Enquirer: 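Take this structure first; my questions come after.
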Amino acid sequence: MQSSIPATLLALGLSLGLCATGAAAQDEVKIGFIVKKPEQAWFINEQDAATALGEEKGFEVVSLAGEDGQQVLSAIDNLNSQGADGFVICPPDVRLGPAIVNRAEQYGMKVVTVDDQFLGPDGEPIASVPHLGMSGYKIGRQVGEAIAAEMEARGWDLDETAALRISNNELPTAKARTDGATDALLDAGFVQDNIFDAPQQNTDTSSAFAAASPVLSKNGRFEHWVIYALNEESVLGGVRASEQYGLSADQVIGIGINGSGAAFAEFQRQSPTGFYGTVAVSSTMHGRQTADNLYTWITTDEKPPANTETTGTLMTRDNWQQVRADLGL
Ligand code: FCA
């Protein structure tokens, strides 16, 4: 007599088996977190925050560098060979978007962007990839308004004051931020002809320093300078260039964006420098939220919101510790 397992038991066994597989798969969720500038405090904090969330929720985060297109594609290959289900990325160049999306699709991985949003071949954001980043224009306006208020407090003459706008117009979020700052300054009466562009090739301190130096030396007639850029690392490059050029701290008002270790170090110097402040945004929240969105997408198939914009708070020498604590930095 052939032994037979009753159909109901078989069905039960099958469904239990499926459940077990499902649970195991959930336990093993692994995601990548790829960033364009792995040495910058902003990005280190994002990756650390994502990793901490993974430890709380029981998924693994693999932190990787993607400083150029080649490195990004090998990072994705590497994630695939480790069995990752998807990745969060801040790309080194937003025009790499289509290539990155293709590679992710080829491997069946889900992808979300943080900070810098992919552009499609038409130059428009790739709307199908969920994004979380700063509300660049608004935060830029906060920078411009804070600079204008400090200029007024110092009683500077507008005709003797120039602006060093360290620009990165290839990157839409960077342009939005410097445009916002420019508009707020103009609204406050800043002289348009006194605004000078220093286009940087990258989003770091050394490229900003290199861009700023010749602009300062070509325009030696100004008594005071204000400095702004897409981030505080770049503003610091401008401030260092102003020091090398011979301007003193009270002749310069530099205000950045981010609120990361680079700014904290500056605020802890014994005497103030030309770096007056920064609009701080929570990199902790950016890292946690994007990792959480991706994890939820992988485990429940619920796609994250198409675009989330975050806000900032002005941080200066006077309040930086408080703002840092408030933003969980
Ligand atoms: C860009 C900048 C970073 C940070 C981030 C939110 O990627 O390069 O410094 O400001 O946006």
Side-chain angles (χ1 to χ4, degrees), residues 33-50 65-68 72 88-97 100 112-119 125 129 131-143 165-181 199-209 211 227-239 254-266 275 277-291 307-315 327-329:
F33 203 113
I34 307 173
V35 299
K36 66 177 182 179
K37 294 253 168 232
E39 78 291 355
Q40 284 187 359
W42 171 273
F43 294 109
I44 293 171
N45 200 39
E46 280 185 340
Q47 290 180 324
D48 287 352
E67 300 190 60
D68 58 37
V72 168
V88 180
I89 183 167
C90 177
D93 181 340
V94 289
R95 290 164 306 188
L96 289 168
I100 296 171
V112 306
T113 48
V114 66
D115 305 330
D116 299 355
Q117 189 171 22
F118 291 156
L119 292 185
V129 177
H131 177 71
L132 183 148
M134 292 183 185
S135 49
Y137 184 80
K138 268 195 233 155
I139 288 178
R141 282 202 72 100
Q142 276 175 275
V143 169
R165 173 172 56 198
I166 301 171
S167 57
N168 198 304
N169 293 341
E170 305 268 286
L171 177 61
T173 183
K175 184 165 187 316
R177 297 178 204 178
T178 47
D179 281 354
Q200 59 177 165
Q201 286 184 341
N202 217 309
T203 53
D204 58 16
T205 303
S206 58
S207 70
F209 181 90
I227 305 177
Y228 57 100
L230 92 153
N231 61 16
E232 65 209 17
E233 288 78 4
S234 303
V235 170
L236 279 169
V239 169
I255 299 194
I257 294 174
N258 277 355
S260 63
F264 308 155
E266 197 70 8
F275 184 83
T278 194
V279 177
V281 178
S282 182
S283 45
T284 303
M285 179 270 184
H286 279 213
R288 275 182 80 91
Q289 190 63 54
T290 48
N307 194 6
T308 305
E309 292 200 329
T310 58
T311 56
T313 311
L314 181 66
M315 178 186 255
L327 296 183
L329 295 169

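Read the numbers this way: they start at 1 and go in the same order the structure lists the ligands and their atoms. No experiment lies behind these values; they were computed from the predicted model shown.
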Enquirer: For ligand 1, which of its N or O atoms have a protein N or O partner closer than 3.5 Å, and how long is each gap?
Expert:
{"from": "ligand 1", "atom 1": "7 (O)", "to": "Lys36", "atom 2": "NZ", "distance (Å)": "3.1"}
{"from": "ligand 1", "atom 1": "7 (O)", "to": "Asp116", "atom 2": "OD1", "distance (Å)": "2.8"}
{"from": "ligand 1", "atom 1": "7 (O)", "to": "Asp116", "atom 2": "OD2", "distance (Å)": "3.2"}
{"from": "ligand 1", "atom 1": "8 (O)", "to": "Lys36", "atom 2": "NZ", "distance (Å)": "3.0"}
{"from": "ligand 1", "atom 1": "9 (O)", "to": "Asn231", "atom 2": "ND2", "distance (Å)": "2.9"}
{"from": "ligand 1", "atom 1": "9 (O)", "to": "Asn258", "atom 2": "ND2", "distance (Å)": "3.0"}
{"from": "ligand 1", "atom 1": "10 (O)", "to": "Arg177", "atom 2": "NH1", "distance (Å)": "2.9"}
{"from": "ligand 1", "atom 1": "10 (O)", "to": "Asn258", "atom 2": "OD1", "distance (Å)": "2.6"}
{"from": "ligand 1", "atom 1": "11 (O)", "to": "Arg177", "atom 2": "NH2", "distance (Å)": "2.8"}

Enquirer: So, using ring pair (Phe, Tyr, Trp, His ring centres under 6.0 Å) as the criterion, who are the partners of Phe264 when residues are at least two apart?
Expert: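 In terms of ring pair (Phe, Tyr, Trp, His ring centres under 6.0 Å), with neighbours along the sequence ignored, Phe264 is linked to Trp320.
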Enquirer: Tell me, please, which residues at least two apart from Phe33 pass ring pair (Phe, Tyr, Trp, His ring centres under 6.0 Å).
Expert: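 Residues passing ring pair (Phe, Tyr, Trp, His ring centres under 6.0 Å) with Phe33: none at all.
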Enquirer: Decide whether Ser260 and Glu232 meet the rule of one side-chain donor and one side-chain acceptor closer than 3.5 Å.
Expert: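 Ser260 vs Glu232: donor-acceptor pair found between side chains.
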Enquirer: For Asp48, which residues count as a salt bridge (Lys or Arg N to Asp or Glu O under 4.0 Å) partner, sequence neighbours excluded?
Expert: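 Asp48 satisfies salt bridge (Lys or Arg N to Asp or Glu O under 4.0 Å) with no other residue.
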Enquirer: Is it true that Asn258 and Glu233 share a donor-acceptor pair across their side chains at a distance under 3.5 Å?
Expert: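 Yes, side-chain donor-acceptor contact under 3.5 Å.
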Enquirer: Could you check whether Ser234 and Gln200, counting side-chain N and O atoms only, form a donor-acceptor pair closer than 3.5 Å?
Expert: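 Note: Gln200 and Ser234 side chains meet the donor-acceptor criterion.
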